[in-house]
Every structure is written in C-alpha cells, then in structure tokens.
Amino acid sequence: MTTRRRTSGFLLAGLLVALVVAGIGSYYASSSPDGLEWSAEKEGFAHTAEDSSTAGSPLADYAVSGVEDGRLSGGLAGVIGVAVTLALAGGITLLVRRRSGTDDVPADDDSRTDVDAGSAPKA
Amino acid sequence: MCNKVEGVHVPDGFLDAPTSVATGVLAAGTVALALRKAREELDERTAPLAGLTAAFVFAVQMMNFPVGAGTSGHLIGGALTAVLVGPWTAVLCMTVVLLVQAVLFADGGLTALGTNVTLMALVAVGVGYGLFRLVVAVLPRTRTGVLVGAGVGAFASVPLSALAFVALFAAGGVADISLGAVAATMGGIHVLIGLGEAAITVAVLGAVLAARPDLVHGAAHLRDAGTLLRRPEVVASR
C-alpha cells in the first residue's frame, strides 16, 4: 500500500517534469538546424526532403494552429503531445504487461482477504 | 513541396520507395516481436513507468540543445528508455513517440516512419542497451557502474544511428552525392550530439536510481546482489 502510494507520487513527479519540459522548456530550445538537417544542407541532399503528408495537421511543427502567441502555441502542442504519448504508450504497456490471475481485479484482493480472515479462526 | 526540412527526424523524400518499404517491414517485424517479448519485462509496477518514460522522451526530444557551429541536437532516448524499462519495452515506447511525432506534429515523414523506427527504436535501443550490458558486465556491481554503462551506451547510440542512416542512404538515397562525405559529416556532428545524449541519460537515470532504484530494469543485478533491496521471490522463499 505504502509502496503503491510512493510509486504514484514518483510517477506524478515524473509526469510533472515532462509537462514542464514540453510545455515551458521547449520554448527555450535551440532553433538551429539539428544534426541531420545540418548534414543534409552541408552535403547537398536537403532539397530532396518532401513535406510530410501530415503537414496540414493542426499541430504540425509543434504549434497549435489558430493560437497566435508562439509561447502558448508551442507549449500547448507540447502538453498535448505528452498526454497523447502517455495515453498510447501507457495503454499498450498496460495491455502487454504480465498479470498474475489474482492481480487482475483489485476487488479480488479484498475478497481474498475476507476469505482468509474468515478461515483463519477455523485453522 | 517547399523543399525544406521540417522537424527533427528523417523526412519523406530522402530515401527511395524500396528502401522505405524495407525499413517499414523491418520496423513492423521488430514491433511485433517486441509486443511479445515486452511481456517478460512489464509487470504491475513497471508498466506505468514505461508509459511515463515514453511521455518523458517525447518532452525531452523537443529540447534541442546547441552543439556549436550553428547546429543543434536532441535526445534520442533509446539507451535511457532501455535501461529504465527494458529493451523490448523501449522498442514499443520509442515507436509510440515516433508515431505521435509523425502523425500529429508532422515531425518525421509518414513514409519515413519505418526508417525512423529502425534508426531510433531499433538501432539506438539495440546499440545503447547492448553496450550498456557489456560495460555493466565488466564493472563492479554498483550504481556508478550502471550509470557509466548507460552513459557509454547512450553516447555510442547516437553516431551509430547516424551511420545506420548513412547505410540506408547508400542503399536508397535519392540524391547522388559522395557517401564518404555524408558519413563523415553525419558521424562527426552526431559524436558531439552523443555527448549531450550521454549527459542527459546519466542525469535522468541518476535521479531515478536515487528515488526508486527498485523500478529500474537495468539495475536488477544490483538487487540480486542485495545491494539495493531484496526481490520479492527471495523474500517469499524464506
């Protein structure tokens, strides 16, 4: 129980860091071309890049279309990205994870405890 | 059509269709295998950490850091994720990050998704975790050993992923240019970015090891040795 609460606190702290980095910190990220872009420019294959077919997405290039303020637009995009990634990755890992039969439903723990408690005096 | 590189991953157009299809098949096969193998790494306690790690990697990938010469780099996070939650789970986490970036944020092309998954979920995770295991095997069983292993794996994973891109470019690059020059430029700049990758990986892993060493996949051997805490099955057998 205590471990579970401590784990929740730890996970929430981690999520908070991720939200702050994506929502606020990203505004201060370097806007220089990254290693691949820079290499592509230098070696002369940057022109072969094509716009992504999702370039029209309302979140394209980490900005929310319609939000004028750059800081708010980028921050909002970051927060949405963190939320979607958490939901998708968290959902997949929860589906894939190992489950020991009794751990599936939390209610089982309670009922098992009741049975144990009830059978204890007989033993 | 505005011939401009947007975002931070491999865009559409750099590689020809056969190469993109090949990396797509490779990526899909790896993810399918990872969906089965990750089961052994994930239990009730570690599954939520895996979701959080993916969200964290997404966030930190937005933080491009300057590496000089008007260039920037960002964390890949393959080595960090593999050490935190296990290599097969890391394949899934990195793939989700790349999928969200490509579909929602137009970062990395859709036809290049297989290429980006191959480079960052397969090569970066494989190299990062493989080197981590090698280093940890020869170092003393301490937290410092785990951090050094993760740092070495993280560092090497970046230039090696860059060289893997060059190999794909050799097979199916659309532009007709000198491969040696591309390899030197890509490898050189990504050695610098790799130093940033190692610094972020060691800092984040150090913080998690200080707070919850019991959740870290790559620190399980410390638990075996009784350095951190006893494993549940050891307790149960007594």
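First the proteins, then the strands, lettered A, B, ... as listed; each starts at 1.
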Notebook entry, point to check: So which part of L215(B) gets closer than 4.5 Å to some heavy atom of chain A, the side chain, the backbone, both or neither?
Noted result: side chain
Item checked: Side-chain heavy-atom pair W38(A), T185(B) within 4.5 angstrom cut-off -> yes
Notebook entry, point to check: Contact part of A102(B) toward chain A, heavy-atom cut-off under 4.5 Å: side chain, backbone, both or neither?
Noted result: backbone
Margin query: For I92(A), which atoms come within 4.5 Å of any heavy atom of chain B: side chain, backbone, both, or neither?
Written below: side chain
Checklist line | Side-chain (S72(B)) to main-chain (S32(A)) donor-acceptor, under 3.5 angstrom | finding: yes
Margin query: Classify the ring geometry of F45(A) against F14(B): parallel below 30°, tilted from 30° to 60°, perpendicular beyond 60°.
Written below: perpendicular
Check: Most heavy-atom pairs under 4.5 angstrom with chain B, which of G81(A), G90(A), G14(A), G78(A)?
Finding: G81(A)
Checklist line | Which atoms of A77(A) approach chain B - backbone, side chain, both or neither, heavy atom under 4.5 Å | finding: both
Notebook entry, point to check: Are T7(A) and R45(B) close enough that a side-chain donor and a side-chain acceptor fall under 3.5 Å?
Noted result: no
Item checked: Structural part of I177(B) lying under 4.5 Å from a heavy atom of chain A -> side chain
Item checked: Nearest-0.5 Å distance, NZ of residue K42(A) to CD1 of residue I189(B) -> 8.5 Å
Checklist line | Greatest number of heavy atom pairs closer than 4.5 Å to chain A - which of A38(B), P66(B), G73(B), G109(B) | finding: P66(B)
Next item on the list: Kindly say whether L104(B) contributes a backbone atom to a donor-acceptor pair with the side chain of S57(A) at under 3.5 angstrom?
Entry: yes
Next item on the list: Examine whether an atom of T89(B) lies under 4.5 Å from a heavy atom of chain A, and if so say whether it belongs to the side chain, the backbone or both; otherwise answer neither.
Entry: side chain
Margin query: Report which part of V182(B) has an atom under 4.5 Å of a heavy atom belonging to chain A: side chain, backbone, both, or neither.
Written below: both
Next item on the list: Supply the atom-to-atom distance L19(A) CG to F56(B) CZ, rounded to the nearest 0.5 angstrom.
Entry: 11.5 Å
Note to self: Any non-hydrogen side-chain atom of D12(B) less than 4.5 Å from a side-chain atom of D51(A)?
What the structure shows: no
Check: What distance do L36(A) atom CG and L119(B) atom CG have between them, rounded to the nearest 0.5 Å?
Finding: 9.0 Å
Next item on the list: Output the distance between atom CD (Q101(B)) and atom OG1 (T85(A)), rounded to the nearest 0.5 Å.
Entry: 7.5 Å
Next item on the list: Can you measure from OG1 (T48(A)) to CG (D16(B)) and round to the nearest 0.5 angstrom?
Entry: 11.0 Å
Check: Under 3.5 Å, is there a donor-acceptor pair between the side chain of R39(B) and the main chain of R98(A)?
Finding: no
Margin query: Pair M186(B), E43(A) - check side chain to side chain contact (heavy atoms under 4.5 Å, CB included), show working.
Written below: CA-CA 9 Å; M186(B) 279 290 281; E43(A) 299 304 332; over 6 Å; no
Checklist line | Value rounded to 0.5 Å, distance of CG in N64(B) from CD in E37(A) | finding: 8.0 Å
Checklist line | Best-contacting candidate, S52(A), A22(A), G56(A), against chain B by heavy atom pairs under 4.5 angstrom | finding: S52(A)
Margin query: Counting heavy-atom pairs closer than 4.5 Å to chain B, which one of A13(A), G74(A), S26(A), G35(A) comes out on top?
Written below: G35(A)
Notebook entry, point to check: Taking A175(B), S178(B), A47(B), G188(B) one by one, which has the highest count of heavy-atom pairs under 4.5 Å against chain A?
Noted result: A47(B)
Check: If we only count heavy atoms from C-beta on, is the F58(B) to V84(A) side-chain gap below 4.5 Å?
Finding: no
Check: What part of L110(B) lies closer than 4.5 angstrom to a heavy atom of chain A: side chain, backbone, both or neither?
Finding: both
Next item on the list: Can you establish whether the number of heavy atoms outside D69(A) located under 6.0 Å from its atom CG is more than 12?
Entry: yes
Notebook entry, point to check: At their closest point, which heavy atom of F105(B) faces which heavy atom of L59(A), and how far apart are they?
Noted result: CD2-O, 3.3 Å
